[in-house]
Amino acid sequence: MAEPDPSLVDPNLFDKVVNLCKRRGFVFPSAEIYGGFRSTYDYGPIGVLLLRNVKEAWWRSMVQLRHDVVGLDAAILGPPQIWEASGHLANFTDPLVDCTNCQSRWRLDKLDDPNTCPNCGAVGKFTEPRAFNLMFKTHAGPVEDSGAVAYLRPETAQGMFINFSNVLNTSRKKPPFGIAQIGKSFRNEITPGNFVFRTREFEQMEMEFFVPPEDAQHWYEYWCATRLQWYLDHGMPAEQIRLRPHDADELSHYSSGTSDVEYLYPWGWDELEGIANRGNFDLTAHSNASGEKLDYFDQATNERYIPHVIEPAAGATRTAMAFLMAAYHETEVRGEKRTVLRFHPRIAPYKAAILPLSKKAELTGPATELFRTLANHFMCDYDETQSIGKRYARQDELGTPFCITYDFDSVDDQAVTVRDRDTMEQERVPVAGLVEYLAARLV
Ligand code: ATP
């Protein structure tokens, strides 16, 4: 994969972001005290806020602000019938090759050169590709027999299809309408990597939009444009985000159109989200397998039809990582390096940090009081240790839009100094108007 222009993406960005994630409590390698566990990660005190904000921003635009989309939270464990009908048991495979020279394993479709081992450089030493199923298999209940086999979902989408009738009958929605879900998915990836970009346990944000068949193309184009705009609205730089329509040979057999939203990572353009026009494949497959009718009767036209589906499917953990990379900036202030994460306010883990200038009770008492007031409205940090310069530097690295200093004058004038993360300008703001001041700037 071609590496991006260094003027657009710092070639060392990947290492810098991974390092910052560990140092500031965004992401830790999972089971670290036992030596780590196979590309799994834990989200620390700051990372959990970032991830929640990414999911919340998605939910806000996909569910809260729309009257034609409803939410769902379906089970992670499911019986084989779901995955047989969806085609995952037969087809959810990646082509696996082994290098007979160094015994490393690769996903054939992700190799730059399908004849050369990226590990040892051996040419023509790969085994024939084998289809490797990516689903995690387990047993539900105490007996490990075939009747107890269950799978961890490899995508959240099937939950929406199998609940189509339940939602239709209870929500008073009719096509065009959508069902949205955020949750964990599991894939036994052959080559996880690039930090949290590809992991075996990850979170997805998916929406199935059910439409009359003749309107599918219109809605497909609508969702491609809408989803691309979401990334731009949340601070992704326009020159690092694009929509890439799939070539005909990349399309699944049932899809009449798929586009990926791609981000320019340090290793090149790669996927953030896929938007697919899936036809009526999924509802038809589950209807045939279950014997339940999964269709819609339109009383206005007296017609019964199986809706077509447009699916925008994004990764929450992958998107959080892309937001981190896009936000990372290094500048120089008075000869010193300054690292700052310029998150969109909706994505920023903390919205404000309350920093009493001294640890004296005279300041920490009212500063704690102020924290309590602001925390009712926004996620805030409170920090009274170290010099104010070091505390500012820490908040810059967490991407906190506003630092609020409570100083000795505050006791008398009932005002605080508010420092803007991006301009570094400071403004004196009365405590009484602080909630409104921040609310106006944190939209
Ligand atoms: P890839 O080609 O990268 O394996 P995919 O096309 O199979 O991904 P989809 O099935 O379309 O991915 O899943 C939708 C979204 O879920 C992806 O765009 C990505 O953001 C996220 N996702 C998929 N697999 C992983 C993973 N292993 N780790 C993290 N996120 C993932």
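For ligands, and for the atoms within them, numbers begin at 1 and follow the listed sequence.
Remark: Glu239 pairs with Leu8, Pro237 by the side chain to side chain contact (heavy atoms under 4.5 Å, CB included) rule, at least two apart or across chains.
Short contacts between ligand 1 and Lys110, defined as distances under 4.0 Å to a heavy atom of the residue, involve ligand atoms 2 (O). In summary, the atoms of ligand 1 found under 4.0 Å from a heavy atom of Glu189, numbered by their order in the structure, are 24 (N), 26 (C), 27 (N). Taking every non-hydrogen atom of Arg107 and a distance limit under 4.0 Å, the qualifying atoms of ligand 1 come out as 4 (O).
For the pair Glu273 and ligand 1, a heavy-atom separation below 4.0 Å is found.
Ranked by closest heavy atom to atom 9 (P) of ligand 1, the top entry among Met321, Arg187, Glu155 is Arg187. Of the candidates Ala316, Gly315, Pro154, it is Gly315 that places a heavy atom closest to atom 21 (C) of ligand 1.
In this structure, atom 16 (O) of ligand 1 lies nearest to the protein heavy atom Gln204 NE2, 3.1 Å. The protein heavy-atom contact nearest to atom 29 (C) of ligand 1 is Phe197 O, 3.1 Å. Considering only non-hydrogen protein atoms, atom 28 (N) of ligand 1 sits nearest to Thr199 N, 3.1 Å. Among protein heavy atoms, the minimum distance from atom 17 (C) of ligand 1 is reached at Glu271 OE2, 3.4 Å. Counting protein heavy atoms only, atom 22 (N) of ligand 1 is closest to Phe202 CE1, 3.5 Å. Summary of contacts: the protein heavy atom closest to atom 15 (C) of ligand 1 is Ala313 O, 3.6 Å.
Below 3.5 Å of separation, one finds no N or O of Glu206 facing any N or O of ligand 1. Backbone and side-chain nitrogen or oxygen atoms of Arg198 are examined, and one is located within less than 3.5 angstrom of a nitrogen or oxygen of ligand 1. Some N or O of Leu272 is nearer than 3.5 Å to an N or O of ligand 1, by distance alone.
Between Phe197 and Trp267, the ring centre distance stays below 6.0 Å. Side-chain rings of Trp223 and Phe209 approach one another, their centers coming within less than 6.0 Å.
Using a 4.5 Å cut-off on side-chain heavy atoms (C-beta onward), Asp10 and Lys16 make contact.
Of the possible polar contacts, none joining the Ser255 side chain to the Leu251 backbone as a donor-acceptor pair under 3.5 Å is found. Asn169 places a side-chain N or O within 3.5 Å of a backbone atom of Ser165 that can act as its donor or acceptor partner.
By the criterion of a heavy-atom distance under 4.0 Å, neither the backbone nor the side chain of Thr319 is placed next to ligand 1.
More than 12 heavy atoms of other shown residues, nucleotides or ligands fall within 6.0 angstrom of atom NZ in Lys173. Summarising the local packing, NZ of Lys174 is surrounded by 12 or fewer heavy atoms from other residues, nucleotides or ligands at distances under 6.0 Å.
Tyr437 carries Arg441 over the face of its six-membered ring, with the cationic atom under 6.0 Å from the centre and within 45° of the normal.
When only modelled atom types and interatomic distance are considered, Asn163 and Asn166 share a side-chain donor-acceptor pair under 3.5 Å.
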